[in-house]
Protein chains: 2
Amino acid sequence: MSENIVQRLRDQIENDIFSGRLPTGHRLDETKLANQFGVSRTPVREALMQLGAIGLIEIRPRRGAIVVEPAPHRVYEMFEVMAELEAMAGRHAARRHTSADCGTLLAAHEKCGRSLQAGDADAYYYDNDAFHAAIYEASHNDFLKEQCIALHRRLRPYRRLQLRARNRMDNSFAEHDRIVKAILNGNGDEAAAALRMHIAIQGERFSDLVAQIAAERGGLSG
Amino acid sequence: MSENIVQRLRDQIENDIFSGRLPTGHRLDETKLANQFGVSRTPVREALMQLGAIGLIEIRPRRGAIVVEPAPHRVYEMFEVMAELEAMAGRHAARRHTSADCGTLLAAHEKCGRSLQAGDADAYYYDNDAFHAAIYEASHNDFLKEQCIALHRRLRPYRRLQLRARNRMDNSFAEHDRIVKAILNGNGDEAAAALRMHIAIQGERFSDLVAQIAAERGGLSG
DNA sequence: GCGAAGAATCTTGCATACAAGAATATTGAC
DNA sequence: GTCAATATTCTTGTATGCAAGATTCTTCGC
């Protein structure tokens with residue numbers, strides 16, 4: 001499939017982490033992974049190194065790699081930064097967008113609307129990605145775009161949890177609407193504010209979720 | 001020195017790139033680098049991979065790695081993002097700083113002042129790093145801090161060029177002064193604005209520099 | 001003389017081997 | 001019975017070897 005083994009390994013391990021097959025704290029033994037995938041340790045090491053660079057796993061010298069679930073407060077921090085980056089993208093998009101950008105953005109927005117009406121959370125999830133990608137693109141700052149995509153990807157598993165929440169899809173779409181209007185009107189500050197809130201809400205929802213789980217666990221175990 | 005060869009190699013190659021010993025477009029031959037450093041190809045590969053993850057070099061499958069000087073407009077984009085991240089750090093620092101943070105920030109600021117009075121641009125350069133690091137720290141968002149440090153590091157060679165410019169050190173210190181006051185007063189918006197401008201100026205100065213060099217080159221070569 | 005096809009060479013990608021440090025188990029002392 | 005020290009095992013870090021793809025050089029055809 002992939003051109004080289006390293007990328008295939010990286011994607012596979014990444015998926016295994018996101019899907020929970022490789023739980024937090026799990027030790028990633030190079031030899032075992034190599035055997036498991038039927039390759040040698042060399043590409044495994046390189047794949048692990050790449051995952052370490054993203055921050056998905058922690059590589060401790062001479063002590064192997066472990067899966068790190070970022071502490072909840074860290075995920076919250078990441079949402080904070082994401083909110084600011086998205087706000088920046090929105091501000092620039094409002095000022096710099098071309099007519100082609102408008103078309104892409106509107107099309108993505110309408111696609112979200114159709115998925116919402118169909119009640120298809122999975123479809124909405126992907127359409128939402130495209131919607132945000134359109135904003136990054138319209139910001140006409142490629143470096144910003146890359147940073148946004150990387151962080152968006154990193155936060156993927158946490159966002160995915162949220163669309164299941166009651167009314168989240170409706171609210172999300174309403175927020176998108178405000179964002180689109182601001183960008184098309186060239187109102188950078190409004191676009192930034194709308195996007196910042198749109199993302200910040202997710203961070204807060206995540207925090208709520210963590211608190212809820214902690215409470216449940218507390219109730220069960222002590 | 002370093003614990004492992006890979007880190008040593010990574011730092012060395014990174015320095016060679018920043019210092020210009022390894023110019024843009026230079027092909028990084030694994031075998032040659034291995035011989036040069038007296039190690040095997042394995043750690044060289046891993047070091048190159050890490051540099052590729054940062055974006056300092058480009059790794060093309062089966063075709064080796066080359067040093068990529070980011071195009072000027074891309075550096076400008078990076079300064080734009082840096083400005084926004086610093087502004088965010090400043091806004092949070094203004095709201096969240098502890099008394100210990102204040103002490104560190106003030107100490108760093110005063111150290112900059114002493115280097116300025118001594119007319120020592122090199123010292124100022126390092127003190128400036130510490131000053132900004134103090135702000136990241138005071139933002140109490142570790143993820144943001146790490147992102148800032150990484151980008152700051154990435155932009156290092158371009159910042160270094162600038163302190164040589166006339167009056168830049170004086171102006172920089174004056175801007176620092178405004179930033180410190182805003183943070184200590186708890187004025188988040190003011191701190192953000194001051195920092196955004198502080199960094200944006202550098203991006204613009206970089207653009208000026210590029211334009212100037214381009215003009216000179218144009219005058220020479222046709 | 002110029003262009004294209006093929007061969008030779010060179011470089012990367014992966015596998016295997018070996019050495020050194022960390023984790024663990026075992027044994028001895030208290 | 002518990003703690004500590006040592007020995008053993010296990011894992012990582014680095015070196016080397018081999019195969020496949022890329023580049024370059026040579027040769028042949030036009």
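Being a predicted model, the structure only gives us computed values, none of them experimental. So that the names make sense, note that chain A is the first sequence line, chain B the second, and so on, each numbered from 1.
- Atom P of nucleotide D:dG13 and atom CZ of B:F37 are separated by 20 Å, given to the nearest angstrom.
- Taking atom CZ of residue A:R45 and atom P of nucleotide D:dT12, one finds them 8 Å apart after rounding to whole Å.
- Using a 4.0 Å heavy-atom distance criterion, A:R63 is classed as a sugar-phosphate-only contact.
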Checklist entry - What do the steps show when you test A:R96 against B:E80 for salt bridge (charged side-chain N to carboxylate O under 4.0 Å, His left out), and what is the final call? => result CA-CA 14 Å; A:R96 302 177 179 171; B:E80 273 193 347; 2.6 Å; yes
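- Note on B:R62: every side-chain N or O is 4.0 Å or more away from OP1 and OP2 of D:dA20.
- Distance, B:E46 CD to D:dG13 P: 8 Å, rounded to whole Å.
- In this structure, B:R60 atom CZ and C:dG13 atom C1' are separated by 15 Å, rounded to whole Å.
- Checking A:D16 against A:Q12 by side-chain atom types alone, a donor-acceptor pair falls below 3.5 Å.
- Atom P of nucleotide C:dT11 and atom NE2 of B:H26 are separated by 12 Å, given to the nearest angstrom.
- The closest side-chain donor-acceptor pair between B:D142 and A:H73, if any, does not fall under 3.5 angstrom.
- In the set D:dT11, C:dT11, C:dT12, the nucleotide with an atom closest to the side chain of B:E30 is C:dT12.
- Side-chain contact check for A:D101 and A:T104: no donor-acceptor pair (N or O, by modelled atom type) lies under 3.5 Å.
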Report all interatomic pairs (protein N or O, nucleotide N or O of nucleotides 15-18 of chain D) with separations under 3.5 Å.
| unit_1 | atom_1 | unit_2 | atom_2 | d |
| --- | --- | --- | --- | --- |
| D:dA15 | OP2 | B:S40 | N | 2.6 |
| D:dA15 | OP2 | B:S40 | OG | 2.7 |
| D:dA15 | O5' | B:S40 | OG | 3.4 |
| D:dA15 | N7 | B:T42 | OG1 | 2.9 |
| D:dT16 | O4 | B:T42 | OG1 | 3.2 |

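- Formation of a donor-acceptor pair under 3.5 Å by the B:E77 side chain with backbone atoms of A:F143 is found in this model.
- For B:I59 and C:dC14, the CD1 to P distance is 12 Å, given to the nearest whole Å.
- Within the 3.5 Å criterion, the main-chain N or O of A:G55 finds a donor-acceptor partner in the side chain of A:R154.
- Computed from coordinates, the A:D29 CG to C:dA22 C1' distance equals 13 Å when rounded to whole Å.
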Checklist entry - Given the rule in the salt bridge (charged side-chain N to carboxylate O under 4.0 Å, His left out) test, do B:E175 and B:R168 qualify, once you have shown the distances and angles that lead to the verdict? => result CA-CA 10 Å; B:E175 288 155 21; B:R168 180 65 201 131; 3.2 Å; yes
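- A straight line from CZ of A:R8 to P of C:dG13 spans 16 Å, rounded to a whole angstrom.
- Across all strands, A:L28 comes closer than 4.0 Å only to sugar-phosphate atoms, never to a base (heavy-atom distances).
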